[in-house]
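Each remark here refers to the structure printed beneath this line.
None of the values given here were measured: they were computed from a predicted structure. Side-chain atoms are counted along with the backbone in the values below, which use heavy atoms only and exclude waters and symmetry mates. In what follows, chains carry the letters A, B, and so on, assigned in the order in which the sequence lines appear, proteins first and then strands, with residues in each chain numbered from 1.
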2 protein chains.
Amino acid sequence: MQSRNPVSRTGRPRSAAADTAILAATRDALVELGWSRLTLGDVATRAGVAKTTLYRRWPGKNELVVDAVAALFDELEMPDRGSLAADIEGVVLQFAAILVRPETKSGLMAVVAESTHDDALRERIRASIVDRQKRLVLEGRARAQRRGELPPEPDPEEAARAVDLIFDMVAGAVVHRTLVSAEPVDREWAGAFTRVLVMGLGPGRSQ
Amino acid sequence: MQSRNPVSRTGRPRSAAADTAILAATRDALVELGWSRLTLGDVATRAGVAKTTLYRRWPGKNELVVDAVAALFDELEMPDRGSLAADIEGVVLQFAAILVRPETKSGLMAVVAESTHDDALRERIRASIVDRQKRLVLEGRARAQRRGELPPEPDPEEAARAVDLIFDMVAGAVVHRTLVSAEPVDREWAGAFTRVLVMGLGPGRSQ
DNA sequence: TCGCTTTCGCTACGAGGCGTAGCGTAACGG
DNA sequence: CCGTTACGCTACGCCTCGTAGCGAAAGCGA
């Protein structure tokens, strides 16, 4: 995760089990307590480690929660479902399944809020969470172009803008539906959303 | 704002100036400190009131920040710009203008995160912030139907679902673009977003 | 003008989290 | 076996929280 020296070959190695225990304890605490009431001392107790061990590995609450939540996004993948619409609907439902979990809900938004005052934290979120999702958009877009569902985009800058737009639309809508509106992202909603998006992307000019 | 008795006609009245001073001080503190480092004692000092006065009016940090941020949404309105696309683009830019302010960025997401563990807080957010935005969607949709840009929807439940979907798409995309991607919502982005949305809503069946 | 009522500013307080320092011990590699 | 690093534990000063208690201030009605 983070090591002060690139590799320190001597001395007692850090316990990998402690890392996973701490991250799991953080998620448990997020579920039970939410963000504001979560304390690092409590997490340490839950994980069965000393509080000092926790501080030796993470600078503070923000970074710890980012890593704890990021692990939830490991399961993200994008099987080829045959069409652009099916691919989008699949990734929407998959993303929603992660987002609906209480540890994600309370943790993710809180660190995003903190990141508005902490550039390093924003970068950490981007690297460990956001980019992994964006990769799915890139993949789905490339597939759709191969199928002929979307026109190829010769200009790389224009393509990047299009990917960013799609990404913000998909992730934003799912997040807003789940967290702000507090309504479920079920097949019906995902289908309606996908219809609008695919229709908006398809025949018209530009992307 | 909140009064324990519907109206108490006797005794010293609460200072209305203190309310506005406290809310303004809260926004200032959000700008300088962000959410996590904001303390109620500091807000009281900035506002020139005693800390106890603050606690007499708000239960805690969450509710105070909701009210402080909600005041920023007072300027929301939706002039008729002649077409559905222009209306959407206008509300996107207007919403983004509020959201880009540092007090909104750090405050809004934090209380949303807290609301996942506090139903009363979620309701407070919905009533004082979310519903005010949703009204714009309702208005723009009605206008577009009057113009013939969108088909009328006889089924009220279906109409409500459509409004909710549009609302989550618009607000979600703008929030995600601004807070997570940390990129500006300029005319170019707003235009591209509006193109996709309008095209997705328009010709196809239902929405 | 005088009470009655409620709010206000101020001070003080216990409780609890934060982040760090220091120590002795444990677990590796050479 | 030795050097090095991680670990568990305790203790600490600092800060914030949220509340209690007080006297003074500011309205209203008689």
May I ask you to say whether B/Glu139 pairs ionically with B/Arg135, meaning some side-chain N is under 4.0 Å from a carboxylate O?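 No.
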
For [X], which residues count as a side-chain contact (heavy atoms from CB on, under 4.5 Å) partner, sequence neighbours excluded?
X	value
A/Val31	A/Pro102, A/Glu103
A/Thr52	A/Ala50, A/Arg56
B/Ala171	A/His176, B/Phe95, B/Gln133, B/Phe167

Could you work out, with salt bridge (charged side-chain N to carboxylate O under 4.0 Å, His left out) as the rule, every residue matching B/Lys61, not counting sequence neighbours?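 Here no residue qualifies.
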
On DNA chain D, nearest-nucleotide positions of B/Pro13 versus A/Gly48: which is more 5'?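 Mapping each residue to its closest nucleotide by heavy atoms, the 5'-most match is A/Gly48.
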
How long is the span from the CG atom in A/Asp118 to the CZ atom in A/Arg122, to the nearest 0.5 Å?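 Interatomic distance, A/Asp118 CG to A/Arg122 CZ, rounded to 0.5 Å: 8.5 Å.
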
Using a heavy-atom distance cut-off of less than 4.0 Å, which residues of residues 107-118 of chain B contact DNA chain D?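 Those residues: none at all.
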
For [X] and [N], what is the distance between atoms [atom1] and [atom2] respectively, to the nearest whole Å?
X	N	atom1	atom2	answer
B/Ile22	C/dT7	CD1	P	13 Å
A/Asn62	C/dC18	CG	P	12 Å
A/Leu54	C/dC18	CG	C1'	12 Å

Decide if atom CZ of A/Arg37 counts as having more than 12 heavy atoms of other residues, nucleotides or ligands within a radius under 6.0 Å.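 Result for CZ/A/Arg37: open.
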
A/Arg187 CZ: over 12 foreign heavy atoms closer than 6.0 Å: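 Open: at most 12 neighbouring heavy atoms sit under 6.0 Å from CZ of A/Arg187.
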
Reading nucleotides 10-24 of chain D 5' to 3', which nucleotides get B (base under 4.0 Å from a protein heavy atom), which S (sugar-phosphate only), which -? ------SBBBB----

